[in-house]
Visitor: 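My structure is below; once you've seen it, I'll send some questions.
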Amino acid sequence: MTEVLFYCFAAVAIASAVIAISRKNAVASALWLVLMFFALAGTYVLLEAWFVAVIQILVYAGAIMVLFLFVIMLVDLKSEELAVMGAPRFRALGLLTSALFLAVAVFVVLNTRETFVAAADTWDRGGALEVESGSAAGIGHYLFHRWVLAFEVTSVLLLSGMLGAVILTKRRLT
Amino acid sequence: MNPASTSLVTQFVSSPVLAGLYDWLSLHPDHGGDLIGWAVGRLVLILVIVNVTLVMAALLVWAERRVSAWMQDRLGPNRVGPQGLLQPLADLGKFIFKEDFDPGHVNRWMYLIAPLIALVPALITFAVIPYTGVYEPDAQVEGGWAWNSWAVADVNIGVLYILAITSLAVYGLALGGWSSNSKYSLLGGVRASAQMISYELSLGLAVVSVVLISSSLHLGDIVAYQANTTWFVFQQPLAFFIFLVAAYAETNRLPFDLPEAESELVAGYHTEYSAMKFAAFFLAEYVNMFVGSALVVTLFCGGWTFFGLETAGWLAALAIFAVKTLFFCFVFIWVRWTLPRFRYDQLMRLGWSWFIPVALANVVLTATAIALDRTWVAWILPGVLVLGGLLAAWIAPGHVAVPRLAERTAPVSGEEGSR
C-alpha cells in the first residue's frame with residue numbers, strides 16, 4: 001500500500017515539476033510547483049514524518065509560493081518581455097546553473113547520508129532523548145541540541161538577506 | 001413520546017445489529033483494527049461533517065441577514081419558511097438556475113478552479129478540530145488525559161495542520177482575482193494575498209503561546225489541558241485577542257474586508273464571477289467563519305468542555321461545542337455590523353507595527369511565565385497596553401486612534417481629502 005502510494009506521489013511530483021518548468025505562463029508554473037510541493041509532502045507523510053510534511057506545505061506552498069505569486073501578479077510580464085528570457089545566453093546560463101545544482105545535489109546525497117546517519121546514531125547513544133526523527137519533538141531535539149550552531153547561523157543569514165532587501169528598496173524610494 | 005415507542009427506541013439502540021455496525025464503523029476512536037470498516041466509518045464521518053459545515057455556512061448567511069436586520073431595526077428575510085429559515089435554500093436555487101456566464105477575457109482554467117481552491121481549504125480544516133469527546137477519568141491514572149477528544153483525523157500536529165491549510169486559502173482569492181483579467185479583480189486578489197500573508201504571522205504567533213503552555217501541537221491535548229487548568233482566554237488574553245482579530249483578517253470579514261471592498265473595487269476578486277461560482281466564494285467565506293469560530297473555541301475557550309458539564313456524555317460535549325462555536329459566529333456577525341472598514345494603510349500598520357511586535361513580546365513573556373512558573377505574568381502586557389492606551393487617550397486626546405476614527409468618517413474638505 002505504502003509503496004503504491006509512494007509511486008503515485010513520486011509520479012505526480014515529477015510530472016508537475018516538469019510541467020512547472022515548461023510553462024510559458026509564470027502563474028501556471030507557480031501553481032504546478034505548488035502541486036509538486038503537495039506531492040512531496042505526501043511522500044513525507046508516507047515516511048511518517050508528519051511534521052516535515054506539514055511544514056513543507058506551510059512554508060513552501062503557504063508562504064513562499066504565495067509571495068512568488070504575489071510578485072508575478074504585480075509584475076505581470078508581457079510576452080515580448082518573456083521572449084527576452086528565451087535568448088541563447090539566458091539558456092546557456094540556465095543550463096550551467098542547473099548542471100551545477102545537479103552536481104552539488106548528487107555530491108551531497110552521496111557524501112553526507114552515511115555521516116549524518118552515523119552522527120545521529122552516536123548522538124542517540126550518548127544518553128540522548130528517545131525521539132522519532134520526523135516528529136515535532138524529534139526535529140526540535142536535533143535542531144536545538146546537535147545542530148543549534150548551524151540553526152543560528154542560518155537564521156542570521158536569513159536576517160541579513162531580509163535587511164539587504166529592505167535597504168535596497170528603501171534606497172530607491174528616498 | 002409514549003412508552004411503546006420509547007421501548008422501541010431503546011430496543012433499537014441496544015440491538016446487537018446497531019452495536020455491531022457501530023463497532024465495525026469504528027466511530028469510537030479506539031478502532032478494532034478492521035481497516036475497511038474503519039475507512040467506511042471515516043468516510044461516513046467526513047460526509048456528515050462536510051455537510052454539517054456547508055449547512056451551517058448556509059444558515060450563517062441567513063443568520064447574518066437576520067442579525068444585521070435586528071441591529072438596524074429591520075426584519076430581514078422572514079418569508080421563506082419559519083422565521084425565513086429556508087431562505088438559504090431559496091438562494092441556492094437562485095444561484096443554481098442563474099446563467100453561469102464566463103467572460104471571454106478570463107484565463108479559463110484558473111478562473112474555473114479558483115472558487116474550488118477557495119472552498120476546499122475551508123472545508124478540510126475541520127478534519128482535525130475535536131468536535132466532541134468523552135470524559136474518561138481512568139485514562140489520567142495511566143498518564144494520559146481524562147478528556148479524550150474525537151476528531152475526523154486525530155493527528156498529533158493538528159495546530160500546524162490548521163496553520164498550513166489556512167495559509168492555502170489565499171490561493172483561491174489571489175487566483176480568482178488574477179485570472180479574471182480585470183483591474184478590480186486583480187487589485188482585490190493582490191490585497192487578499194498581502195493581507196493574508198501579513199495576518200498569518202500574528203495568527204501563528206498567537207498560537208505559539210498556546211502551544212508553549214500546553215506543550216503540545218495536538219488539539220485534543222490542548223482542550224484537555226484547558227479542562228485540567230483553565231481556558232486559555234484567561235491564561236492568554238492577549239493571544240486570544242490577536243488570534244480573534246487575525247481570524248477576521250484571514251476570513252476577509254469586516255472590518256478587514258478590503259479584498260472585496262465594494263465602495264472601491266466593485267466586488268474585489270469575485271467581480272467577474274456569477275451563479276454557482278460566485279456562490280462558492282460566498283460559501284467559502286461563511287465556512288471560514290464557522291471553522292474560525294470552532295478554532296477560537298478549541299484553542300482558547302476549552303473546546304467541547306464546560307466546567308464539568310461535558311462529563312454527561314459525548315452528545316452533551318457536542319452540544320457545548322456547538323453552542324460555543326455559534327456564539328463566536330455571532331460575534332463575527334456582530335463585529336461586521338458594528339465597525340467601519342479599515343483603510344488599507346491602517347490595516348497594514350495595525351498588522352505589522354502593532355500585532356506582530358506585540359505578539360512576539362507576548363511569546364517571550366509567556367516563555368518567561370513558564371520558566372518562572374507564574375501564569376499571571378502573561379497578564380502584564382495586555383494590562384500595560386490597555387492602561388497605556390487609556391492614559392494616552394486621557395493625556396493627549398488629539399493623538400490617539402479614537403478621534404482619528406471620527407475624523408475619518410467625517411466629511412473631508414478638498415485639501416484634507418487629497419492627503
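Fair warning: this is a prediction, and the values are worked out from it, not measured in the lab. Throughout, a chain's letter reflects where its sequence line sits, starting with A, and its residues are numbered from 1.
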Visitor: Shortest non-hydrogen contact from Ser167(B) to Gly62(A)?
Guide: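 The pair with the smallest heavy-atom distance is OG-CA, 3.3 Å.
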Visitor: Counting heavy-atom pairs under 4.5 Å to chain B, which of Ile57(A), Val34(A), Val59(A), Val66(A) comes out on top?
Guide: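 Ranked by heavy-atom pairs under 4.5 Å with chain B, first place is Val66(A).
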Visitor: Can you tell which of Val54(A), Ile55(A), Val52(A) makes a side chain to side chain contact (heavy atoms under 4.5 Å, CB included) with Ile157(B)?
Guide: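 Exactly one candidate clears the test, Val54(A).
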Visitor: Any donor and acceptor pair, going by atom type alone, linking the side chain of Tyr171(B) with main-chain N or O of Ala61(A) inside 3.5 Å?
Guide: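 Side chain of Tyr171(B) to backbone of Ala61(A): a pair is present.
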Visitor: Verify side chain to side chain contact (heavy atoms under 4.5 Å, CB included) between Leu168(B) and Phe38(A), making sure each step is shown before the conclusion.
Guide: CA-CA 11 Å; Leu168(B) 297 176; Phe38(A) 270 94; 3.2 Å; yes
Visitor: Just checking heavy atoms, which of residues 216-224 of chain B are less than 4.5 Å from chain A?
Guide: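 Within residues 216-224 of chain B, near chain A: Leu217(B).
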Visitor: Could you check if a side-chain atom of Leu58(A) sits within less than 4.5 angstrom of a side-chain atom of Ile165(B), using non-hydrogen atoms only?
Guide: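 They are not in contact (no side-chain heavy atoms under 4.5 Å apart), so the answer is no.
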Visitor: Which atoms of Ala169(B) are under 4.5 Å from chain A, going by heavy atoms: the side chain, the backbone, both sets, or neither?
Guide: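 Answer is neither: Ala169(B) stays 4.5 Å or more from chain A.
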Visitor: Examine whether an atom of Ile197(B) lies under 4.5 Å from a heavy atom of chain A, and if so say whether it belongs to the side chain, the backbone or both; otherwise answer neither.
Guide: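 Interface part for Ile197(B): side chain.
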Visitor: To the nearest 0.5 Å, what is the distance between CG (Leu160(B)) and CZ (Phe51(A))?
Guide: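 Answer rounded to 0.5 Å: 5.5 Å.
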Visitor: Side chain, backbone, both or neither: which part of Ala28(A) has a heavy atom under 4.5 Å from chain B?
Guide: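 When you check distances to chain B, atoms from both the backbone and side chain of Ala28(A) fall under 4.5 Å.
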Visitor: For residues Trp178(B) and Leu69(A), determine if any side-chain heavy atom of one lies less than 4.5 Å from a side-chain heavy atom of the other.
Guide: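 Result no, sub-4.5 Å side-chain heavy-atom pair not found.
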Visitor: Around atom OH of Tyr60(A), are there more than 12 heavy atoms of other residues, nucleotides or ligands at under 6.0 Å?
Guide: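 12 or below, so no.
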Visitor: Identify which part of Val170(B) has an atom lying under 4.5 Å from any heavy atom of chain A, answering side chain, backbone, both or neither.
Guide: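 Val170(B) touches chain A through side-chain heavy atoms alone.
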